[in-house]
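Everything below concerns the one structure shown next.
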Amino acid sequence: MVRLRRFLKFALVGGVGFFIDAGLLTLLNHWGADLYVGRGISFSVAMLSTYALNRHYTFSQAQAVSAPNKRSLVAYTLVQVGGALINLSVFYVLLQLHPTLSMHPVLPLAVGALAGLVFNYSFSRLIFLCLPES
């Protein structure tokens, strides 16, 4: 039950991160920022936000979250980038295998997001629950 509750908290934090990412990207795009620069900024802000939220909400009972440290932030960043690459790869592969999905891109997007979520949660758990303080 604790694992399910923690996973649901992680998914909720991911949803908050998505809205931060999407909202900031929309705002930066509206202000005329280059789409890719804006995406880099929005992803970074969302990732730092989810790092803080996961440390203090999802994994608050873990010993490893007593104080922020560079090692856990670097590890979390690498996990998030890995999850994003999995997400985009699944999205791309599904569209290549089933071109008709381009009419409904939310379907491959959802499958990619789920694949990324599972990867991110699995490795974030290791970071916050197993990574010793340096």
Side-chain angles (χ1 to χ4, degrees):
M1 193 63 163
V2 171
R3 285 185 180 178
L4 176 60
R5 191 172 313 130
R6 187 177 288 139
F7 178 79
L8 292 174
K9 285 180 175 183
F10 188 84
L12 178 64
V13 167
V16 170
F18 173 81
F19 284 110
I20 290 170
D21 193 354
L24 186 54
L25 178 60
T26 300
L27 189 61
L28 291 170
N29 190 32
H30 177 74
W31 287 344
D34 176 79
L35 187 60
Y36 296 103
V37 171
R39 184 68 181 102
I41 293 169
S42 67
F43 176 81
S44 298
V45 170
M47 191 269 309
L48 288 170
S49 300
T50 60
Y51 173 75
L53 288 169
N54 278 317
R55 285 182 60 82
H56 298 289
Y57 176 66
T58 307
F59 299 103
S60 61
Q61 301 303 317
Q63 270 189 322
V65 298
S66 58
N69 65 63
K70 291 178 188 175
R71 188 174 175 194
S72 69
L73 179 57
V74 168
Y76 187 80
T77 299
L78 292 173
V79 167
Q80 294 301 307
V81 169
L85 290 173
I86 289 170
N87 182 331
L88 292 171
S89 296
V90 168
F91 179 79
Y92 177 79
V93 167
L94 286 174
L95 287 175
Q96 294 304 305
L97 292 175
H98 305 284
T100 57
L101 286 175
S102 64
M103 305 271 299
H104 306 284
V106 122
L107 296 173
L109 175 71
V111 175
L114 286 174
L117 173 68
V118 169
F119 175 86
N120 285 344
Y121 177 72
S122 299
F123 285 94
S124 291
R125 249 182 104 246
L126 293 175
I127 292 166
F128 288 118
L129 299 179
C130 301
L131 188 69
E133 289 290 315
S134 52

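Computed from a predicted structure; not experimentally measured.
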In Å, rounded to the nearest 0.5 Å, how long is the span from CG of L117 to CG of N87? 10.0 Å
If you group Ile, Leu, Val, Met, Phe, Trp and Tyr by side-chain heavy-atom gaps below 4.5 Å, do V79 and L48 land in one group? yes
Can you name the one residue among I20, L24, V13 that meets side chain to side chain contact (heavy atoms under 4.5 Å, CB included) with S49? I20
Quick one: which of L101, L97, V90 gives a side chain to side chain contact (heavy atoms under 4.5 Å, CB included) with P108? L101
Are side-chain heavy atoms of F59 and R125 found at a separation under 4.5 Å? yes
Under the rule for ring-ring contact (aromatic ring centres under 6.0 Å, His included), what residues qualify as partners of Y57, not counting sequence neighbours? none
Once rounded to the nearest 0.5 Å, what's the spacing between atom CZ of R55 and atom CD1 of I127? 10.5 Å
Check each of L27, T26, N29, L25 against S42 using the side chain to side chain contact (heavy atoms under 4.5 Å, CB included) test, and report the only one that passes. L25
State, with a plain yes or no, whether a side-chain heavy atom of L85 is found less than 4.5 Å away from one of V81. yes
Mind checking whether V45 and M47 sit in one hydrophobic cluster, side chains of I, L, V, M, F, W, Y counted as touching below 4.5 Å? no
Sequence neighbours excluded, the answer for ring-ring contact (aromatic ring centres under 6.0 Å, His included) partners of F10 is Y121
Under 4.0 Å between a side-chain nitrogen and a carboxylate oxygen: does that hold for R39 and D21? yes
So which heavy atom on F43 is nearest to which on A84, and how close? CE1-CB, 4.4 Å
Using ring-ring contact (aromatic ring centres under 6.0 Å, His included) as the criterion, list what pairs up with Y76, not counting sequence neighbours. Y51, F128
Just verifying a value: how many Å separate S102 OG and L94 CG, rounded to the nearest 0.5 Å? 12.0 Å
Residues G17 and A46: closest non-hydrogen pair is O-CB, 3.4 Å
Closest non-hydrogen atom pair between G116 and I86, with its separation: N-CG2, 4.2 Å
Nearest-0.5 Å distance, CG of residue L28 to CG of residue D34: 10.5 Å
Taking C-beta and beyond as the side chain, do L12 and T58 meet within less than 4.5 Å on heavy atoms? no
Can you check whether S122 reaches V118 side chain to side chain, under 4.5 Å on heavy atoms? yes
